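One structure is given here, and the rest of the page talks about it.
Bear in mind that the values here come from a model prediction, so they are computed numbers and not experimental data.
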Amino acid sequence: MKKRSIIWYLRIYIKIITQDIKVKLNYRADFVISNFAQILHHISGFIVFWLIFQNFPSVDGWDYYEMLFFYGFSLIAFTPTQCLLENNWSLPWQVRSGDFIKYCFRPINTFFYYISEVFDTKGFGQLVAGIVVLAFAWLRLEIAFSFITLALLILMLSAAGIFMAAMLNLAASTIFWTKGFGLMEFVVRFRDYSRYPITIFSGFLRYLFTFAIPMAFISYYPSLMFLRPDQVPILTWLSPLIGIAFFALSYFAWMKGAKSYSGTGS
């Protein structure tokens with residue numbers, strides 16, 4: 001198979017996404033309703049935090065607006081996975097039915113070919129909700145804003161998004177060996193824990209969410225850059241590099257599973 005450059009894949013992917021969005025915008029009512037529902041769903045978390053803090057001034061030293069910051073940050077970090085990797089949820093059916101075999105014979109990267117088939121526009125609603133919540137918390141916390149702060153925010157959000165994408169990819173890769181049973185539901189169930197600072201959990205869970213199921217890298221560690229700038233741990237600074245390494249691991253696991261796939265055998 002002819003080797004393609006990253007720029008080539010990026011150019012093709014932008015074209016695919018553009019056409020897919022144009023098609024979905026033809027059904028504007030569905031587009032608007034689905035995204036509006038996403039916004040309402042995630043803004044409800046805003047209300048939950050408000051109700052909790054009516055009775056408690058803080059949770060382990062974290063006040064209402066800091067908790068909202070974690071929540072909004074995590075929603076934005078989830079968006080790339082929601083939009084770009086949605087087709088992983090179809091992988092169990094594709095593997096069980098044998099339909100995945102068609103992706104193995106095209107002269108193009110298998111992962112790219114499979115993932116590029118679906119772009120979930122509902123992620124836009126999630127992104128809007130995340131930006132609204134994060135901006136509201138940012139203003140209430142009176143965090144200084146500058147070009148450097150913006151650059152750090154983009155860097156940390158990118159790192160967090162990479163971690164979430166890597167976890168879903170790694171979980172999806174198990175489907176190739178289990179023939180339909182994956183760990184994606186398991187990862188998603190733990191996703192909600194990323195919306196909270198790991199300091200509120202026990203020592204075991206802190207270790208689990210940092211080194212085994214690294215949910216702490218989706219919101220907690222990157223958010224410390226802005227909420228506790230004088231207490232930023234080394235893991236926060238290393239999170240972009242760790243995230244890239246983790247995504248590379250998940251990609252190679254996914255590709256290894258795809259290469260080992262031989263259909264249903266029927």
Side-chain angles (χ1 to χ4, degrees), residues 13-14 17-18 20-22 24-25 28-53 62-86 118-168 188 191-197 215-229 232 236 239-240 243 247:
Y13 193 58
I14 290 174
I17 288 177
T18 302
D20 191 38
I21 291 175
K22 286 180 180 178
K24 289 175 179 175
L25 284 176
R28 294 183 181 179
D30 179 68
F31 178 83
V32 171
I33 292 172
S34 61
N35 277 283
F36 185 66
Q38 280 285 316
I39 293 173
L40 290 180
H41 170 71
H42 293 300
I43 291 296
S44 65
F46 184 103
I47 300 173
V48 170
F49 279 122
W50 181 81
L51 292 173
I52 291 174
F53 280 89
W62 302 96
D63 66 27
Y64 173 56
Y65 297 113
E66 289 174 321
M67 296 294 280
L68 282 182
F69 191 99
F70 286 123
Y71 181 54
F73 197 98
S74 66
L75 288 180
I76 299 174
F78 294 156
T79 300
T81 301
Q82 175 80 38
C83 291
L84 307 178
L85 300 180
E86 183 67 11
V118 175
F119 182 86
D120 188 4
T121 54
K122 293 194 298 296
F124 292 148
Q126 179 172 276
L127 178 61
V128 170
I131 291 174
V132 169
V133 174
L134 183 65
F136 176 76
W138 190 292
L139 292 173
R140 288 293 185 173
L141 291 167
E142 299 182 346
I143 300 173
F145 190 81
S146 65
F147 176 78
I148 294 177
T149 307
L150 177 62
L152 285 173
L153 179 63
I154 294 173
L155 176 64
M156 290 297 137
L157 281 170
S158 299
I162 289 172
F163 265 100
M164 187 64 221
M167 279 188 280
L168 188 66
V188 170
R191 186 178 68 175
D192 288 345
Y193 290 102
S194 68
R195 298 170 178 171
Y196 305 97
M215 293 296 176
F217 285 94
I218 295 175
S219 182
Y220 175 71
Y221 285 117
S223 293
L224 289 178
M225 184 73 73
F226 313 98
L227 299 178
R228 299 286 192 273
V232 179
T236 294
S239 60
F247 184 84

Specify the closest pair of heavy atoms between [X] and [Y], including all atoms of both residues, with the distance to one decimal.
{"X": "Thr18", "Y": "Ile14", "answer": "OG1-O, 2.7 Å"}
{"X": "Met156", "Y": "Pro222", "answer": "CB-CB, 3.7 Å"}
{"X": "Thr79", "Y": "Gly123", "answer": "CG2-O, 3.6 Å"}
{"X": "Ala77", "Y": "Ala160", "answer": "CB-CB, 3.6 Å"}

Backbone N or O of Phe70 within a donor-acceptor pair of the Ser223 side chain at under 3.5 Å? no
To the nearest 0.5 Å, how far apart are [atom1] in [X] and [atom2] in [Y]?
{"X": "Leu68", "Y": "Asp63", "atom1": "CG", "atom2": "CG", "result": "9.0 Å"}
{"X": "Ser74", "Y": "Arg191", "atom1": "OG", "atom2": "CZ", "result": "8.5 Å"}
{"X": "Ile143", "Y": "Leu134", "atom1": "CD1", "atom2": "CG", "result": "8.0 Å"}
{"X": "Gln126", "Y": "Leu75", "atom1": "CD", "atom2": "CG", "result": "5.5 Å"}
{"X": "Leu153", "Y": "Phe145", "atom1": "CG", "atom2": "CZ", "result": "7.0 Å"}
{"X": "Leu141", "Y": "Phe136", "atom1": "CG", "atom2": "CZ", "result": "9.5 Å"}

Step through the shown structure and confirm whether more than 12 heavy atoms of other residues, nucleotides or ligands are within 6.0 Å of CZ on Phe247. yes
Would you say that more than 12 heavy atoms from the other residues, nucleotides or ligands in this model lie under 6.0 Å from the CD1 of Ile148, or not? no
Verify side-chain contact (heavy atoms from CB on, under 4.5 Å) between Ser194 and Phe163, making sure each step is shown before the conclusion. CA-CA 11 Å; Ser194 68; Phe163 265 100; over 6 Å; no
Check: Phe226 ring centroid to Trp138 ring centroid under 6.0 Å: yes
What pairs of residues pass the salt bridge (Lys or Arg N to Asp or Glu O under 4.0 Å) test when at least one of them lies in residues 119-143, not counting sequence neighbours? Asp120-Lys122
Verdict with reasoning, Phe119 to Glu86, per side-chain contact (heavy atoms from CB on, under 4.5 Å): CA-CA 7 Å; Phe119 182 86; Glu86 183 67 11; over 6 Å; no
Check whether the side chains of Thr236 and Ser239 place a donor and an acceptor atom closer than 3.5 Å, and report yes or no. no
Test log, rule side-chain contact (heavy atoms from CB on, under 4.5 Å), inputs Arg228 and Glu66: CA-CA 10 Å; Arg228 299 286 192 273; Glu66 289 174 321; 2.4 Å; yes
Evaluate the side-chain contact (heavy atoms from CB on, under 4.5 Å) criterion for residues Phe217 and Ile162: first the C-alpha distance (whole Å), next the side-chain angles of each, then the deciding distance (0.1 Å), finally the verdict. CA-CA 10 Å; Phe217 285 94; Ile162 289 172; over 6 Å; no
Applying ring pair (Phe, Tyr, Trp, His ring centres under 6.0 Å), name anything that partners Tyr220, two or more places apart in sequence or on another chain. none
Would you call the rings of Phe69 and Phe73 parallel, tilted or perpendicular, taking 30° and 60° as the class edges? parallel
